[in-house]
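The analysis underlying the following values was restricted to heavy atoms, covering all of them including side chains, and did not include hydrogens, waters or symmetry mates. To find a chain, count down the sequence lines: A is the first, B the second, and so on, and within it residues start at 1.
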Amino acid sequence: MNQNPFKDKLYNHTQPVKENVWERIEANLHRSEG
Amino acid sequence: MLYERFSPLLMSICRRYVGSANAEDVLQDSFIRIFQYLMQYRNEGSFEGWIRRVCVNTCIRYLEKEKRLPIEYGAEGIPEFHVEPSVLDQMSADELMGLIDKLPDGYRTVFNLNVIEGYQHKEIAEMLGIEESSSRSQLTKARKYIQRSLAATQKVEL
């Protein structure tokens with residue numbers, strides 16, 4: 001019997017990410033390098 | 001690429017901890033930390049486990065910074081409850097995520113750390129700077145809150 005449905009269904013759950021998030025990360029990394 | 005491989009997983013983690021409105025911002029901060037501290041990964045344990053920990057810690061730091069982590073004390077006397085696992089088994093991941101979304105920040109953080117990430121109360125207490133007993137009481141309150149939410153949607157009887 002499944003004893004922890006929250007873990008079973010959500011531990012590896014994924015959600016789509018908007019494309020512009022990577023651009024924001026890249027910009028931040030370049031800023032911190034500079 | 002590391003981002004493409006892990007961003008959907010970390011996005012889900014961020015949403016679980018900080019809610020959908022702030023998840024993208026915290027995901028961004030998580031990846032910045034991951035790239036900044038990548039050299040500190042020592043091949044001890046799985047790489048995915050390390051990435052998860054960085055992300056969860058970033059979520060906690062965000063909640064603390066936003067003062068969204070008021071940990072309540074003195075929850076003695078709250079009765080334990082029981083929800084038949086079959087009720088939760090029949091719910092989708094999105095429905096379970098919806099239940100977690102409704103939890104107050106403090107309850108949600110402890111619930112996520114213990115029930116989903118699998119941290120022990122001692123570890124949670126250290127991560128959040130609280131007493132172990134507070135972690136236990138937050139979890140009890142979170143479970144009761146979920147039971148009430150289920151009752152409100154008539155999935156269980158109180």
Y37(B) atom OH: more than 12 heavy-atom contacts under 6.0 Å = no

Is there a donor-acceptor pair closer than 3.5 Å between any side-chain N or O of D89(B) and the backbone N or O of P5(A)?
-> no

Got F31(B) and L29(A) here, is their nearest side-chain heavy-atom distance under 4.5 Å?
-> no

Tell me, side chain or backbone of I13(B) under 4.5 Å from chain A's heavy atoms, or both, or neither?
-> neither

Region of D29(B) in contact with chain A, defined by heavy-atom distances below 4.5 Å | neither

Is there side-chain contact between H13(A) and R16(B), with heavy atoms separated by less than 4.5 Å?
-> no

How many angstroms lie between CD1 in I25(A) and CD in E24(B), if you round to the nearest 0.5 Å?
-> 10.0 Å

Hey, does the side chain of K9(A) reach the backbone of M91(B) with a donor-acceptor pair shorter than 3.5 angstrom?
-> yes

Go through R15(B), E4(B), Q36(B) and name the one with the most non-hydrogen pairs under 4.5 angstrom from chain A.
-> R15(B)

Does M1(B) belong to the same Ile/Leu/Val/Met/Phe/Trp/Tyr cluster as F6(B), with side-chain heavy atoms less than 4.5 Å apart forming each link?
-> yes

Can you tell if the side chain of I100(B) reaches within under 4.5 Å of the side chain of F6(A), non-hydrogen atoms only?
-> yes

Value for CZ (R24(A)) from CD1 (I32(B)), rounded to nearest 0.5 Å, stands at 9.0 Å

Of the non-hydrogen atoms in P16(A) and M11(B), which two are nearest, and what is the gap between them?
-> O-CG, 4.0 Å

Using the salt bridge (charged side-chain N to carboxylate O under 4.0 Å, His left out) rule, take E117(B) and K7(A) through it: C-alpha gap first, then chi angles, then the decisive distance, then the call.
-> CA-CA 8 Å; E117(B) 260 67 56; K7(A) 181 160 189 166; over 6 Å; no

Determine whether N28(A) and Q28(B) make a side-chain contact, defined as any pair of heavy atoms from C-beta on separated by less than 4.5 Å.
-> yes

What pair of heavy atoms forms the shortest contact from L9(B) to Y11(A), and how long is it?
-> CD1-O, 3.7 Å

CG (D94(B)) and CG (L10(A)) are apart, to the nearest 0.5 Å, by 8.5 Å

Heavy-atom contact with chain A under 4.5 Å, split by part of E48(B) = side chain

